[in-house]
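Whatever order the structure lists them in is the order used to number ligands and atoms, beginning at 1. Owing to the predicted nature of the structure, the values given are computational and were not obtained by experimental measurement.
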Amino acid sequence: MNKMNSVEIKNMTKTYPSGDDILLILDQVDFTLPLGSQMALTGESGSGKSTFLNIIGALDRADSGEILSCGSALHKANEAEMSQYRNKKTGFIFQFHYLLKDFTALENIMLPGRILGENPKELRVKAEELLESVNMSNRGHHFPGQLSGGEKQRIALARALINKPELILADEPTGSLDEKNSRLVEDMLFSLASDANVSLILVTHDRSLASRANIQYHLQSGKLNPL
Ligand SMILES: Nc1ncnc2c1ncn2[C@@H]1O[C@H](COP(=O)(O)OP(=O)(O)OP(=O)(O)O)[C@@H](O)[C@H]1O
């Protein structure tokens with residue numbers, strides 16, 4: 001794998017069974033993401049955007065092809081290696097925040113670090129810094145139920161960054177927010193990714209959001225087309 005790339009994919013195919021038929025979702029896709037770049041992926045509903053993201057995030061597997069991401073060969077990885085890769089190399093943000101309701105905002109941010117067995121004191125310092133970077137310093141002790149949708153998504157963004165990932169994978173991260181909160185979360189996502197020089201893959205329906213990324217692709221009929 002070329003050290004200047006975060007992701008290198010060759011000839012990746014993914015199908016799903018559908019009754020007696022087979023759905024061809026990704027059709028011999030080749031793709032390279034240079035280190036530190038920000039890529040947006042658009043495409044119609046059902047075109048396979050989440051499937052593409054989930055394979056790079058080691059949440060799903062391709063049928064065939066070579067998938068190298070952050071130095072890991074995902075097409076050859078076993079379950080333990082997939083989980084190690086997910087926890088150490090990637091930070092995921094979904095449309096819904098998936099914060100744990102019985103944990104405070106600060107505890108939610110710390111959680112991925114706890115799973116890796118990091119030193120709790122150091123982790124807390126990092127989590128407080130991240131809380132500040134998403135402008136939520138005064139809300140660390142609040143529970144998710146006490147936060148607005150936009151605030152919860154900012155906590156989810158901080159949580160995605162706690163393990164200093166090499167790659168952020170965002171699946172419609174502003175899809176359930178209003179215009180004002182969408183812009184706020186978008187601004188934070190792009191600026192935090194670029195400050196930390198982390199590569200970003202962002203799946204979105206929103207063309208204006210996509211246009212903020214320096215690389216844009218459109219997924220159609222199983223093929224990735226640069227825009
Ligand atoms: N586990 C599965 N089993 C069978 N079919 C699936 C599975 N997961 C996804 N699909 C199908 O694969 C296609 C691509 O799904 P995917 O979620 O990747 O699309 P998407 O572009 O992200 O859509 P949306 O924009 O609506 O979220 C869809 O037709 C979907 O129904």
Check ligand 1 against E44 and write out every atom of the ligand that is under 4.0 Å from a heavy-atom position of the residue.
21 (O)
Number the atoms of ligand 1 from 1 as they appear, then name those within less than 4.0 Å of a heavy atom of G48, with their elements.
14 (C), 16 (P), 18 (O), 19 (O), 20 (P), 21 (O)
Ranking T51, L41, I22 by closest non-hydrogen atom to atom 18 (O) of ligand 1, top hit is T51
Carboxylate-amine/guanidinium proximity below 4.0 Å for E128 and R124:
yes
With E172 as reference, evaluate K49, Q95, H205 under the side chain to side chain donor-acceptor pair (under 3.5 Å) test and give the passing residue.
H205
For H205, state whether at least one heavy atom is located under 4.0 Å from any atom of ligand 1.
yes
Among protein heavy atoms, which lies nearest atom 29 (O) of ligand 1, and at what distance?
G46 O, 3.9 Å
Quick test: of every protein heavy atom, which one is nearest to atom 1 (N) of ligand 1, and how far off is it to 0.1 Å?
Y16 CE2, 3.6 Å
Protein non-hydrogen atoms only, distance under 4.0 Å: does atom 6 (C) of ligand 1 have such a neighbour?
yes
Please find out if less than 6.0 Å separates the ring center of F52 from that of F31.
yes
Is there any N or O on L23 that sits under 3.5 Å from an N or O of ligand 1?
no
E179 and R183 ion-paired at < 4.0 Å:
yes
Run the salt bridge (Lys or Arg N to Asp or Glu O under 4.0 Å) test on E66 and K76 for me, step by step, so that the C-alpha distance in whole Å, both residues' side-chain angles and the decisive distance to 0.1 Å come before the verdict.
CA-CA 8 Å; E66 197 177 279; K76 293 193 280 197; over 6 Å; no
Protein heavy-atom partner closest to atom 26 (O) of ligand 1 - residue, atom, separation in Å
S45 OG, 2.6 Å
Does I22 have more than 12 heavy atoms from other residues, nucleotides or ligands lying within 6.0 Å of its CD1?
no
At a non-hydrogen distance cut-off of under 4.0 Å, which region of I25 contacts ligand 1 (side chain, backbone, both, or neither)?
side chain
NZ/NE/NH1/NH2 to OD/OE distance under 4.0 Å, R212 and D187
yes
When you compare ligand 1 with P17, is there at least one nitrogen or oxygen pair between them that comes in under 3.5 angstrom?
no
Counting N and O atoms only, with roles assigned by atom type, does the side chain of K89 sit under 3.5 Å from a partner on the main chain of C70, one being a donor and the other an acceptor?
yes
Would you tabulate the side-chain donor-acceptor contacts of residues 219-227 under 3.5 Å, counting partners in other chains and residues two or more places apart, or write 'none'?
| unit_1 | atom_1 | unit_2 | atom_2 | d |
| --- | --- | --- | --- | --- |
| K223 | NZ | D27 | O | 3.0 |

Just to check, does G43 reach to within less than 4.0 Å of ligand 1 when the distance is taken from its heavy atoms?
no
Looking only at distances, can you tell me whether any N or O atom of S47, backbone or side chain, sits closer than 3.5 Å to an N or O atom of ligand 1?
yes
Within 4.0 Å of some non-hydrogen atom of K49, the atoms of ligand 1 are 18 (O), 19 (O), 20 (P), 21 (O), 22 (O), 23 (O), 24 (P), 25 (O)
List ligand 1 atoms under 4.0 Å from S50, heavy atoms only on the residue side.
17 (O), 18 (O), 20 (P), 22 (O)
Residue pairs meeting ring-ring contact (aromatic ring centres under 6.0 Å, His included), one or both in residues 134-175, sequence neighbours left out, come to none
Would you say atom 24 (P) of ligand 1 touches the protein, meaning some protein heavy atom is under 4.0 Å from it?
yes
